[in-house]
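As structure tokens, the structure follows; a few thoughts come after it.
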There are 2 protein chains.
Amino acid sequence: MFNPNNPVPLHIQLRKSIEKKIKLGLFKEKIPSERELMETYDVSRSTVREAISQLVIDGILEKKHGKGTFISKHPIHYWSGNFISTTEMIERMQMTPGTKLIRHGIETIPDELKEAIEMDNAYLIKRVRYANEVPLAIETQYYPVTIGLQLANLDINHGTLYDLMENELSIQLNEADERITSQKIGSEDAELLNLPVDCYTLHLERFVYDVSGDLVEYCIADYNPELYSFHFKSSRAGK
Amino acid sequence: MFNPNNPVPLHIQLRKSIEKKIKLGLFKEKIPSERELMETYDVSRSTVREAISQLVIDGILEKKHGKGTFISKHPIHYWSGNFISTTEMIERMQMTPGTKLIRHGIETIPDELKEAIEMDNAYLIKRVRYANEVPLAIETQYYPVTIGLQLANLDINHGTLYDLMENELSIQLNEADERITSQKIGSEDAELLNLPVDCYTLHLERFVYDVSGDLVEYCIADYNPELYSFHFKSSRAGK
DNA sequence: AAGTGGTCTAGACCACTTG
DNA sequence: AAGTGGTCTAGACCACTTT
């Protein structure tokens, strides 16, 4: 079924295929059983289980012993161990994403950030993000200058910068460290979000690394706390 | 090596064993290779990999292709897909946990919560949580009355209620839904946390379910935002 | 070359759910 | 009884890292 010369592991090809069929609506509610998938794709059951287990970790599928594997009904998994772009997140909330570019260019890094990102200069992109035309968040993103300059040549007024990095610049994003706090918003930003001055926001900092472990983005986002909250699903299994 | 009559799956027994050896310091930095673990415990490699993969998901181990499996250096995984008790969380921060019981007893549920927890009455436990004697959070926990009455007979002034539920009441906790927002604190609670009135807190709501899917706890926690933030590690793999 | 984790197969039996 | 996911084995080859 799959091309054995493809360097992409079978379980990943299978996972993408299942993901696609879910998105296209070819699988409703339930996906075929592990043994059916074995036959359809001509792979072993371990491979099927490997593919499915990742989708379970991602919160896309749920297994029920003796019944089958079901498409998760949690409409939105804001957080499931994987970071996604703001655009995708807004789309998952069934809203229309929008973007307004405030400014971008090479800037010297503020002292309080120098320790965190270990660069003197960075390419800064500051944008307001909208959901159904309502300002939802302010994002300030810092990139290594070489990456930022390439991004600036692309369309940074729409779409997700993660997709641009991955698809246009061939940067393989790997993982991120994130921190959520509650912080007073500045007056400039308050105006952009239509919030009273000195209001508190949900403040997210995200360090994104590529497969080599190099920092490829530092993102600060302030969310309107009236419109946004972080949702999680966690298990007690790890105890 | 393991008792084959034990109904607990081998990979879980192995996982617990590895976890314990890490905690005891018998494994520093690196754990034995998969093939070594196979021989030591007399199980197949799949079983070893199954055990390890869960520990990787939990953020306790990290695999490096060609090098080995290493004990994660992230000293604290505040959030890694598993919820832990506040006590354990404070201990992981290398601080001493403390608790002050504010009040407890059967109460009628406020209207705004009725929809969420689908009970008329609940056993309420409200406590201030300290880290190194400094008030860190206020927790208000709602339990089904039968559970709450049992808990009240135990020591609710120390220790973790999750451990009490699991070990003393034999309730098997399964998973939780959590939501983080930023909220204005009430004047009563502000005093308990030594915060100015109308200050904002990091506000956590947690619904905890047992293996049958029944709600066994609803917990509201307000954290002093000066002292506490949520940390995450997320990957891009799920894309 | 030797050791590590990554991928994959073929097959077995168990436990749970539904007819 | 039949079908599902859960567990487990024994073995193979590949890709990456270190010696």
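Here is how names work: the chains are called A, B, and so on, in the same order as the sequence lines, proteins then strands, and each is numbered from 1. None of the values given here were measured: they were computed from a predicted structure.
For C/dT17, the paired base is D/dA2 (Watson-Crick or G-U wobble, both distances below 3.5 Å).
In this structure, A/Lys64 atom NZ and C/dC16 atom C1' are separated by 14 Å, rounded to whole Å. One interatomic measurement links the two molecules: NZ of B/Lys30 to P of C/dG3, which rounds to 12 Å at whole-angstrom precision. For the pair A/Lys63 NZ and D/dT7 C1', the interatomic distance rounds to 11 Å; values are reported in whole Å. With rounding to whole Å, B/Leu37 atom CG is found 14 Å from C/dG3 atom C1'. Atom-to-atom, CD of A/Glu50 to C1' of C/dA10 comes out at 17 Å; the value is rounded to the nearest Å. In this structure, CZ of B/Arg45 is placed 8 Å from C1' of C/dT4, rounded to the nearest angstrom. Rounded to a whole Å, the CG atom of A/Leu61 is 16 Å from the P atom of D/dT4. Going from atom CZ of B/Arg35 over to atom P of D/dC14 covers 14 Å, rounded to whole Å.
Distances were taken from every side-chain heavy atom of B/Thr47 (C-beta onward) to each of D/dT7, D/dA15, D/dC8; the shortest belongs to D/dC8. The side chain of B/Ser46 lies closest to D/dA10 when the candidates are C/dG5, D/dA10, C/dC16. Nearest to the side chain of B/Leu10, among C/dA12, D/dC8, C/dG5, sits D/dC8. When distances are taken from the side chain of A/His11 to each of C/dC8, D/dG5, C/dT4, the shortest belongs to C/dC8. For A/Lys67, whose side chain is taken as the heavy atoms from C-beta onward, the closest listed nucleotide among C/dT4, C/dT7, C/dT17 is C/dT17.
Listed pair A/Arg49 / D/dG6 meets the phosphate criterion, a side-chain N or O lying under 4.0 Å from OP1 or OP2. Note on A/Ser44: every side-chain N or O is 4.0 Å or more away from OP1 and OP2 of C/dG11.
In B/Lys20, the NZ atom is not crowded: 12 or fewer heavy atoms of neighbouring residues, nucleotides or ligands sit closer than 6.0 Å.
Ionic pairing of B/Arg49 and B/Glu34 is present here: one or more N-O contacts between side-chain nitrogen and carboxylate oxygen are shorter than 4.0 angstrom.
Under the 3.5 Å distance criterion, with hydrogens and angles disregarded, a donor-acceptor pair is assigned to the side chains of B/Glu139 and B/Thr86. Judged purely by distance below 3.5 Å, without hydrogens or angles, the side chains of B/Tyr209 and B/Glu217 never pair a donor atom with an acceptor atom. For the residue pair B/Tyr123 / B/Glu107, no side-chain donor-acceptor distance below 3.5 Å is found, with atom types taken as modelled.
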